[in-house]
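Notes follow the structure.
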Amino acid sequence: MGCSLWLEGLDVSCQSACNVTSEAALSRELYCVMGCNEALNTYFQMIKDLIGTPPAPALVADSLTATSLSLVWEAPNLGNFTYLVQWRYEELPGSWQYYSNSSHSDRSIIHVENLRPYTKYRFRVAIFLSGRNGAGEPVYSAPSVVILTSDSGKPSSAPASLRAAAPDSSRVAISWEPGPFPNGQIISYVLRLADTQPNTIDVLEDMPASNKNLFYMFQNLAPARQYNVSVAMRNAVGEGPRAYVLISTPSLPTSVPSQQPILILGGEHNILAASANDMLSDPVEELYSTEHIITGVGVDVSSDNLFISVSNGFVYKSSLSKKTPPEAILSPKTIDYKPLDLSVDWLNQHLYVLGEVYYYKGSNRTNSSLYPSWIISRCDFDGKNGIVASSGFNSRPIHFEVDAYNGYLFWALRGIERGGLYRLDLANISNGVKHDCRPKQIVYDANLGAFTVDHADFRLLVTHIRRNTVLAVSLDGREVSDFRSNTQRPMFFSPRSIAYANGLFYWTNGNEILMEEYHPKRDSYFHNEYPVTYNTKTIATREVLVALRSCQPIPVPVNPPLGVQAVMGINRAKVSWSAPHLLGHQGTGAWQQWTFHLQLTNVITGETIGIKNINETTHVVDNIEQDTQYVIRIAAVTQSGSGPWSSEFIGKTLKSSPTTLQSTLLWSGPNGLLQTDLTGDNLQTLIDRNYLELQHLYITDISWYRDQLYLVTNASTVMWYNSTSHGKGFMPNMDNVGSLAVDWVGKKIYWSNPKQQLITRSNFDGSNKEPVPIVTVAKELTIDSLGAYIYWNTGHAVEAARLNGENKIIYYPAQLFSGKQVMGLTADLENKWLYWLVRSYDGSELHRAVTADKISLGANEVTSALTDESRFRLYVAGYRRPGTTAGPIVTTLRAAQFGWRGGSRARVVSDACVQT
């Protein structure tokens with residue numbers, strides 16, 4: 001009947017064309033609406049096939065300003081259509097948004113205003129049938145090219161993701177990300193550190209934006225003090241708003257007498273151990289001797305290992321504390337290079353070897369000469385699992401060091417063209433450097449000499465031959481300073497090897513050992529030179545190392561674990577979290593083998609459960625109290641100490657009852673339809689993914705009655721599955737289904753039909769179909785069978801009505817094209833609350849209101865009930881950053897806990913004891 005009215009419905013709407021003017025529409029009128037909408041859908045599909053993808057809008061010449069522009073677009077020559085502009089940020093997360101205030105000077109020119117300065121946009125046009133009131137999927141034009149608005153004004157946003165950590169009692173490290181709206185090219189970042197104590201001086205730094213690593217370390221701070229740190233962006237016009245964070249430095253550590261270092265001295269044929277405090281006496285012990293020439297020495301204090309590379313092509317492992325027979329871990333038979341120098345990664349138990357290889361130039365080896373090249377390889381302490389860390393050196397590095405504490409491999413080269421200090425992230429080692437992760441030169445200087453890494457202070461101490469001093473170089477090379485400007489008659493002009501312990505340097509020039517003394521009264525360092533003798537013979541020292549545990553530290557976490565959350569069962573909690581952030585200047589390959597300490601505190605009794613030595617980022621805690629609220633927090637730990645506690649997660653265990661004991665979760669995902677208990681354990685596959693993939697289906701919505709499941713698919717069809725007999729099939733004559741819900745009291749299935757813009761119901765077997773007098777495009781349905789109410793969301797609004805369509809209530813009014821979307825709907829029927837999510841570019845909010853049976857008769861809109869206390873900013877995975885487009889959607893509620901589903905995958909809570 002309504003099919004003949006589609007032209008009238010095209011101009012107004014099918015409801016108006018069919019004279020649906022009252023809440024309780026007649027059956028004849030509803031069938032009219034169904035037919036009219038079906039005809040409009042057919043018409044619109046024909047139009048889609050006809051026009052395909054319309055062309056992209058283009059920028060009108062000379063129309064671009066900081067906040068507005070004009071687009072030219074050739075609209076299809078069709079009547080009864082509405083054209084609306086959509087926009088999207090190019091460099092910020094988020095989906096397409098409607099620009100509802102676009103004005104048209106003529107049919108092809110679209111003016112867009114209220115844009116942000118210096119921001120990249122794309123635009124497209126959405127085409128709607130005029131009579132559909134925004135319902136249904138429109139036709140979209142192709143997106144425009146990226147358009148950058150002009151710059152104007154100071155930055156309007158603060159930097160994002162500002163984090164602060166105190167590595168020790170005198171330093172604060174900060175890192176951040178650029179803010180979304182700089183309104184012009186960022187020139188610098190203005191960093192401020194203010195002591196919260198009165199009568200103190202603020203620290204102000206202006207860091208150029210050319211420094212791509214957005215990290216800074218404030219130094220020389222007071223211990224046990226709270227600091228207010230802020231960062232602001234600055235463009236050519238001025239400084240924008242600041243981002244703030246509070247951070248406290250820890251107290252000074254308990255004073256521990258420093259251990260006296262033992263120097264490991266590598267000679268041409270001997271390795272000796274000598275006390276650093278008494279170089280005039282004979283060395284303590286000879287650790288190794290050989291008739292061959294020693295080319296490199298490495299030590300690992302914790303495992304008491306001494307590594308030696310020798311000119312005959314072998315690398316040996318011996319004891320650091322006593323002379324023992326050496327064990328060959330590398331030999332000319334197992335490696336194709338000549339080992340020259342060694343560096344030890346004591347954290348991962350890796351040995352790095354500088355090796356020399358030879359190759360022929362040209363294809364004719366007979367007339368070609370051999371040319372040397374150098375590589376840095378890596379193996380385990382037993383010589384196994386060897387890989388190439390870096391290769392292709394045309395000149396020999398004068399020195400190299402591995403720094404697993406901070407995640408880098410460093411080396412120094414001499415020469416006018418390539419002289420300087422280089423860095424490679426250990427995470428980029430994969431049997432040779434990845435093509436897109438080349439080593440980075442962090443210092444350009446042809447006069448660098450030997451260096452050592454001060455791991456815990458995040459710096460390299462590099463000798464400078466021409467300036468006869470030691471430079472302190474930050475891990476990224478941005479900060480270079482003279483570390484020994486207060487030295488009397490320095491002797492750093494010819495260092496071959498250098499070590500640093502307890503604030504003093506020890507080095508060799510290839511013959512003698514040199515060391516320094518500090519005179520506090522004069523604040524000066526003095527150098528002394530000592531010959532090394534053994535068995536009355538003078539030993540020419542080639543290398544000096546320090547056997548001291550503090551020189552090979554194990555990191556203490558400085559940041560807390562992130563994203564702590566838990567799924568609470570009756571007597572168990574499944575807790576998960578993410579590892580702590582590294583400091584901003586550390587490499588991805590920095591050592592992070594933390595263990596974790598988990599702590600649960602009973603809110604009522606204060607009793608605490610502590611679980612230590614957790615090696616994963618998940619843990620299951622059993623045997624906790626039912627129906628009890630717990631506070632959960634996590635700390636990362638190493639043998640050197642514990643890091644800060646994470647933020648607290650508060651969760652409540654379920655009450656033990658027949659309902660919760662028999663409840664299960666149904667999950668739809670890539671592996672099919674799955675069933676688990678309430679904490680996700682005891683997994684069972686109900687419908688295998690192969691069955692679904694065979695028909696190119698996945699499940700988008702789930703409802704059930706007793707042992708019968710009803711599953712809406714992406715093809716808008718409905719499958720059924722019986723969990724007792726394991727039978728399955730498709731419901732007859734149920735097409736174009738958007739969502740589905742079950743009335744277990746009336747024994748009816750209700751489903752939405754987006755094409756007909758109606759809600760339909762039938763018996764459980766699909767018979768006796770009839771339209772419900774509710775004309776809407778429902779994206780999700782929820783039914784309160786005992787209260788006889790149906791709730792739905794349209795993507796823009798949340799509404800409710802009696803199961804017969806009467807007493808319609810508006811919970812959240814439609815805001816078409818406002819950029820806000822309702823993304824979920826669920827009811828807590830036990831506590832009488834209705835919940836839904838609203839998502840926009842500003843983030844996501846969880847809303848709630850009382851269920852319809854608690855609302856007084858005659859009320860038809862309850863938006864006033866949504867007070868500030870009923871809106872909750874939502875901080876769950878996927879929603880921490882405003883504008884995020886992917887994330888969880890509320891789908892059901894059980895015992896005051898939410899269940900979630902993401903995108904087109906569904907998850908519900910099943911409870912066989914609720915229905916009777």
Quiz item: Which atoms form the tightest heavy-atom contact between V556 and T638, and what is the distance?
Solution: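 That closest heavy-atom pairing would be CA-OG1, 4.1 Å.
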
With a 6.0 Å cut-off on the ring centroids, do [X] and [Y] count as close?
{"X": "H519", "Y": "F526", "answer": "yes"}
{"X": "W374", "Y": "Y337", "answer": "no"}
{"X": "W507", "Y": "H527", "answer": "yes"}

Once the angle between the rings of [X] and [Y] is folded into 0 to 90°, is it parallel (under 30°), tilted (30 to 60°) or perpendicular (over 60°)?
{"X": "F307", "Y": "F381", "result": "tilted"}
{"X": "Y500", "Y": "F483", "result": "perpendicular"}
{"X": "F218", "Y": "Y216", "result": "perpendicular"}
{"X": "F215", "Y": "H585", "result": "parallel"}
{"X": "W645", "Y": "H597", "result": "tilted"}

Practice problem: Using the six-membered ring of F410, assess whether NZ or CZ of R423 lies under 6.0 Å from its centre and within 45 degrees of the ring axis. | Solution: no

Self-check item: Distance under 6.0 Å and angle within 45° of ring axis: R484 vs Y525
Solution: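 Satisfied, under 6.0 Å and within 45°.
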
Quiz item: Among N406, D476, D403, which residue meets the side-chain hydrogen bond (donor to acceptor under 3.5 Å, both in side chains) test with Q586?
Solution: N406

Quiz item: Is the closest basic N to carboxylate O distance between E268 and R542 below 4.0 Å?
Solution: yes

Quiz item: Between R466 and D445, is the closest basic N to carboxylate O distance under 4.0 Å?
Solution: no

Sub-3.5 Å donor-acceptor pair from the side chain of [X] to the main-chain atoms of [Y], do we have one?
{"X": "D345", "Y": "Y352", "result": "no"}
{"X": "R496", "Y": "A450", "result": "no"}
{"X": "S474", "Y": "E479", "result": "yes"}

Measuring from [X]:[atom1] to [Y]:[atom2], what's the distance to the nearest 0.5 Å?
{"X": "S646", "Y": "L562", "atom1": "OG", "atom2": "CG", "answer": "8.5 Å"}
{"X": "T541", "Y": "I271", "atom1": "OG1", "atom2": "CD1", "answer": "11.5 Å"}
{"X": "D382", "Y": "I329", "atom1": "CG", "atom2": "CD1", "answer": "7.5 Å"}

Quiz item: Hey, mind stepping through S302 and D300 against side-chain hydrogen bond (donor to acceptor under 3.5 Å, both in side chains) and telling me if it holds?
Solution: CA-CA 6 Å; S302 61; D300 176 38; 3.2 Å; yes

